[in-house]
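Below, read A as the first sequence line, B as the second, and so on, with proteins coming before strands; counting in each chain starts at 1.
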Number of protein chains: 2
Amino acid sequence: MIVTIRDIAEKVGVSVTTVSRVLNNRGYLSDGLKKRVHEAMEEMNYQPNEVARSLSRKKSNILGLIIPDISHPFFAQMTKHMEYYAYKHGYKLMLCNSLLDKKKEKEYIDLLRASQVDGIIMGSHTMSVKEYLSIKLPLVTLDRQISESIPYISSDNYRGGSLATQLLLRKNCNKIAYLSGNLQLNMLAKQRHDAFVRQAKGKGVEYIVKQTDMNGFQYKKYENLVRELFQEHPDIDGVFASSDMLALQVVRECRRLGKSVPDQVKVVGYDGIQIGGTEDLTTIAQPIKEMGRLAVQHLLQQIAGEETPLETILPVKLLEKGTT
Amino acid sequence: MIVTIRDIAEKVGVSVTTVSRVLNNRGYLSDGLKKRVHEAMEEMNYQPNEVARSLSRKKSNILGLIIPDISHPFFAQMTKHMEYYAYKHGYKLMLCNSLLDKKKEKEYIDLLRASQVDGIIMGSHTMSVKEYLSIKLPLVTLDRQISESIPYISSDNYRGGSLATQLLLRKNCNKIAYLSGNLQLNMLAKQRHDAFVRQAKGKGVEYIVKQTDMNGFQYKKYENLVRELFQEHPDIDGVFASSDMLALQVVRECRRLGKSVPDQVKVVGYDGIQIGGTEDLTTIAQPIKEMGRLAVQHLLQQIAGEETPLETILPVKLLEKGTT
DNA sequence: TTGTACGCGTTATCAA
DNA sequence: TTGATAACGCGTACAA
């Protein structure tokens, strides 16, 4: 039933070593032999067993990817690119949604280790620094600086926050708000907030900061958050939302309230996700593709025992569209 | 460095068999022994090697998931639910984006087989029926009926098409259009088209059918498609789009052209994805969560050697919102 | 250039 | 109740 290297060896009349050599293209082999072995494989429909290989080589060619939620467009888009680069380099991706549940995240880490993955990309960060340090596996984190020893990939959050806020100020907004979703999603995102406050204070303009609680992201909560904002501060004329998803809710609420965007209220989002409805949204675009690519690349470098930069901070870009 | 079952055995002073038994909770074991073994595992920080287990048991507890593109919200959301149910039942998910590339899809199937996955969920269908039949692995397909032997999960496309079209007609549209993205994405989706045509013909109303080519989905193409539609038929007053992403483009184009929705043009989408911008979209909602759940369930049943229904067609629901 | 024999970490089949 | 020992399928020293 199952064709193994041994069956091929018998059929061709050589040893398993030779077959293995052909398979891995190692050592000296006569061309005739190579051909005969390949033919036999073809004929018997042989497929190498990666599990056996992994066990023997102590290398699985699998990467673990832990993110909060694949259904969030930001992660979905980055995951797409990570899968692309992983595949290109002969690696498979094991998808793990933590749902920002500490227990699940921990279980997945153990599971990934037990599965002998060669490395992990951590996009979810609910645990303590100490716990991450104890993972002892090649690791790359997204948007969180855990320690001096774990490389991370992020984009320039502070600059993003500045650009967004400056734009609102330049457009003569008088009362601006910073709206933030879950902070655990992206620990470095706090810098966007800091930049916002600093810019607002610098200009002496009135500003408000508002954020949801920590428990995952449900769009319903976004809706409520936005609704509250305008109830409490009907005179707001500029909003900087820390994600495009949130910004879309702002635009929607304005439409509902009959406030015209951008005339009465200007809206800037964050992320630069490409998805229905964001085409006309002014936003701070993160280089999602490049972040995904580098996350994989730096992980593979670690796996190969090479040096990788500890800190990778990519530039963001202001995309001015119709909401400002 | 690496702690194995053998180390534990030595430490406790029993055989590896016994340790394995404790690990799998099989056979008769004195409580004292169980405890001692567990303590030793704890102490030495032992973690079972799933790769070795897979090899020995001939079971990996990994499911392969092949979809066109995780960055498409429909697949991202369904994947979220599939991961949830897989995890719940002790299975991991290997994520594969085919990008609707026939070669990549085929390579991934081989790769998954080589990786000894226990089963595959196929949401991408670029190959021939014969090729799918030759996979010889537990299989479930999404939205494509491949043969009498491969179970599939879908929702009631024909009814969805009817509901959408009937709604447009009921709202007194006089010239309606059916807009469809890539058909390879969803082979059964043709039924939506059939239903549309039938309803339109039945009412004797003027109708147009328009679709993009087969090469993946780029939102830019959606945009062009929609633009063309309104250029060629400026008098259209009702659009049934075969996906929400497409429908959002229609709404956007209407806004751009100064046509009010729903007054001048009514728009119905398809899928029921939950994402910024779709909250106000009238759509035919597929039971995405349930589809994901059943895909996993039926796959696990096959893996367990149980019978599963060949055909699973779930009901759709018309959600009337602001665009009609 | 090719083969023998052992190891990878675990489970399963016997036997004790 | 417990223990030897042979698989699982492949890679690789070492030998020839």
For a quick check of understanding: with a heavy-atom distance under 4.0 Å over all strands, which category does B:Thr17 fall into, base, sugar-phosphate or nothing?
base
Just to verify, what does B:Arg53 make a salt bridge (Lys or Arg N to Asp or Glu O under 4.0 Å) with, not counting sequence neighbours?
B:Glu50
Between the first and last five pairs of the helix from C:dT1-D:dA16 to C:dA16-D:dT1, the angle of the axes, rounded to 10 degrees:
40°
Any side-chain N or O of A:Lys58 under 4.0 Å from OP1/OP2 of C:dG9?
yes
Taking only residues two or more places apart in sequence, or in another chain, which ones meet B:Arg36 in a side chain to side chain donor-acceptor pair (under 3.5 Å)?
none
Under 4.0 Å, counting only non-hydrogen atoms across every strand here, what does A:Ser20 touch: a base, just sugar-phosphate, or nothing?
base
Taking the side chain of B:Arg21 as heavy atoms from C-beta outward, which of C:dT2, C:dC14, C:dT11 is closest to it?
C:dC14
ring-ring contact (aromatic ring centres under 6.0 Å, His included) against B:Tyr132, all qualifying residues, sequence neighbours excluded:
none
Please list, chain by chain and in numerical order, all residues satisfying side chain to side chain donor-acceptor pair (under 3.5 Å) with B:Arg113, sequence neighbours excluded.
A:Gln47
Applying side chain to side chain donor-acceptor pair (under 3.5 Å), name anything that partners B:Ser98, two or more places apart in sequence or on another chain.
B:Ser124
Under the side chain to side chain donor-acceptor pair (under 3.5 Å) rule, collect the residues that match up with B:Thr17, sequence neighbours excluded.
none
Reckon A:Thr18 has a side-chain N or O less than 4.0 Å from the OP1 or OP2 of C:dT2?
no
Is the closest basic N to carboxylate O distance between A:Glu83 and B:Lys104 below 4.0 Å?
yes
Look at A:Glu107 together with A:Lys103 and state whether they make a salt bridge at an N to O cut-off of under 4.0 Å.
yes
Going 5' to 3' along DNA chain D, which are the first and last nucleotides with any atom under 4.0 Å from a heavy atom of chain B?
D:dT1 to D:dG9
Any residue meeting ring-ring contact (aromatic ring centres under 6.0 Å, His included) with B:Tyr87, in chain and number order, not counting sequence neighbours:
A:Tyr108
Contact check, residues 5-16 of chain B vs DNA chain D, heavy-atom distance under 4.0 Å, returns B:Val14, B:Ser15
Among B:Glu131, B:Glu105, B:Lys106, exactly one meets side chain to side chain contact (heavy atoms under 4.5 Å, CB included) together with B:Thr126. Which residue is that?
B:Glu105
Compile the donor-acceptor pairs under 3.5 Å between side chains in residues 301-311 of chain A and protein atoms, sequence neighbours left out, one pair per line.
residue: A:Gln302; atom: OE1; partner: A:Leu139; partner atom: N; Å: 3.4
residue: A:Gln302; atom: NE2; partner: A:Leu139; partner atom: O; Å: 2.6
residue: A:Glu311; atom: OE2; partner: A:Tyr152; partner atom: OH; Å: 3.1

Specify the separation, in whole Å, of atom NZ of B:Lys59 and atom C1' of C:dA12.
17 Å
Just wondering, are more than 12 heavy atoms of other shown residues or ligands nearer than 6.0 Å to CD in A:Gln297?
yes
State, without any angle test, whether B:Lys59 and B:Ser54 hold a side-chain donor-acceptor pair at a distance under 3.5 Å.
no
What residues 31-57 of chain B contributes to the DNA chain D interface at heavy-atom separation below 4.0 Å is B:Leu33, B:Leu55, B:Ser56
